[in-house]
Amino acid sequence: EAQVTQNPRYLITVTGKKLTVTCSQNMNHEYMSWYRQDPGLGLRQIYYSMNVEVTDKGDVPEGYKVSRKEKRNFPLILESPSPNQTSLYFCASNQQGFGELFFGEGSRLTVL
Amino acid sequence: SQKIEQNSEALNIQEGKTATLTCNYTNYSPAYLQWYRQDPGRGPVFLLLIRENEKEKRKERLKVTFDTTLKQSLFHITASQPADSATYLCALLNTGGFKTIFGAGTRLFVKA
């Protein structure tokens with residue numbers, strides 16, 4: 001089954017404790033991206049990757065890091081989480097930049 | 001700055017009627033426009049894509065129009081059903097499609 005898998009789905013952590021949200025896709029897609037979704041603000045792009053070792057900033061990259069060492073994986077790293085990073089995070093992939101985005105089920109992160 | 005606006009309030013309609021959702025944008029010239037459906041607690045699911053040189057696209061009970069002069073897209077669901085109740089997101093993509101901007105979404109309720 002074609003899918004994008006994110007882990008963890010739910011996480012409560014404390015300020016400053018580094019965490020990684022993993023994302024993996026099994027569709028051999030070139031393009032992957034991360035979004036955060038906040039009430040009233042919609043989905044905002046954090047980072048995107050056009051291929052292995054090629055990443056670029058989206059609209060809200062501050063406080064986040066990403067890496068793309070393998071085609072299927074695109075982890076999101078929060079080196080020192082802060083409460084304003086409490087949000088619902090989605091990973092997505094697609095074959096072409098403008099094509100259908102396939103989203104994961106989301107990771108709800110709470111930073112205390 | 002770039003801005004997308006969707007119907008800010010929820011839309012309530014009766015089963016069997018046509019639902020019309022609006023997406024307006026400013027300070028942007030998208031090459032593509034997409035519509036997604038999102039159910040509570042789930043990731044968005046792709047519905048339709050329309051290119052800047054296309055005026056209208058249809059898929060089963062769905063129809064999307066794209067007016068680059070008005071900077072507006074309309075999304076229609078004909079013969080609506082309670083199962084169509086969800087949040088619908090509009091997304092704009094630049095040439096290449098790597099940077100995607102989403103609207104905050106419109107919540108649709110279809111009453112039986």
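Letters A, B, ... mirror the listed sequences (proteins, then strands); counts begin at 1.
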field: Under 4.5 Å from any heavy atom of chain B - which part of Gln6(A)
entry: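 Looking at Gln6(A), nothing touches chain B.
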
- prompt: Considering only heavy atoms, which portion of Phe102(A) lies under 4.5 Å from any heavy atom of chain B: side chain, backbone, both, or neither?
  reply: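 Contact with chain B is absent: no heavy atom of Phe102(A) under 4.5 Å.
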
Quick one: do [X] and [Y] end up in the same hydrophobic cluster if we chain Ile, Leu, Val, Met, Phe, Trp and Tyr together by side-chain heavy atoms under 4.5 Å apart?
{"X": "Tyr88(B)", "Y": "Ile13(B)", "answer": "yes"}
{"X": "Leu19(A)", "Y": "Ile46(A)", "answer": "yes"}
{"X": "Trp35(B)", "Y": "Tyr28(B)", "answer": "yes"}
{"X": "Val21(A)", "Y": "Tyr47(A)", "answer": "yes"}
{"X": "Phe102(B)", "Y": "Ile4(B)", "answer": "no"}

query: Counting only heavy atoms not in Arg37(B), do more than 12 sit closer than 6.0 Å to its CZ atom?
result: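 Counting neighbours around CZ of Arg37(B), more than 12 heavy atoms of other residues, nucleotides or ligands fall under 6.0 Å, so yes.
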
message: Taking atom CG as the centre, does Leu70(B) end up with more than 12 heavy-atom neighbours from other residues, nucleotides or ligands that are less than 6.0 angstrom away?
response: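 More than 12 heavy atoms, drawn from other residues, nucleotides or ligands, come within 6.0 Å of this atom.
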
query: Just wondering, do Leu43(A) and Tyr36(B) contact through their side chains at under 4.5 Å, heavy atoms?
result: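 In short, these two side chains do not touch, never coming nearer than 4.5 Å.
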
query: Phe90(A) and Arg42(B): which non-hydrogen atoms are nearest, and at how many Å?
result: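 The pair with the smallest heavy-atom distance is CZ-O, 3.6 Å.
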
field: Nearest non-hydrogen partners of Gly40(A) and Ala104(B), listed with the distance
entry: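 Between these two residues, the closest heavy atoms are O-CB, 3.7 Å.
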
field: Leu89(B), part contacting chain A, at a heavy-atom distance under 4.5 Å
entry: side chain

- prompt: For Gln6(B), is it the side chain, the backbone, both, or neither that has a heavy atom closer than 4.5 Å to a heavy atom of chain A?
  reply: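 It is neither, since no heavy atom gets under 4.5 Å.
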
query: So which of Gly105(B), Gly103(B), Pro44(B) has the biggest tally of heavy-atom pairs under 4.5 Å with chain A?
result: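 Option with the greatest count: Pro44(B).
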
task: Working to the nearest 0.5 Å, report the span between CZ of Arg44(A) and OG1 of Thr100(B).
output: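 One gets 15.0 Å once the value is rounded to the nearest 0.5 Å.
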
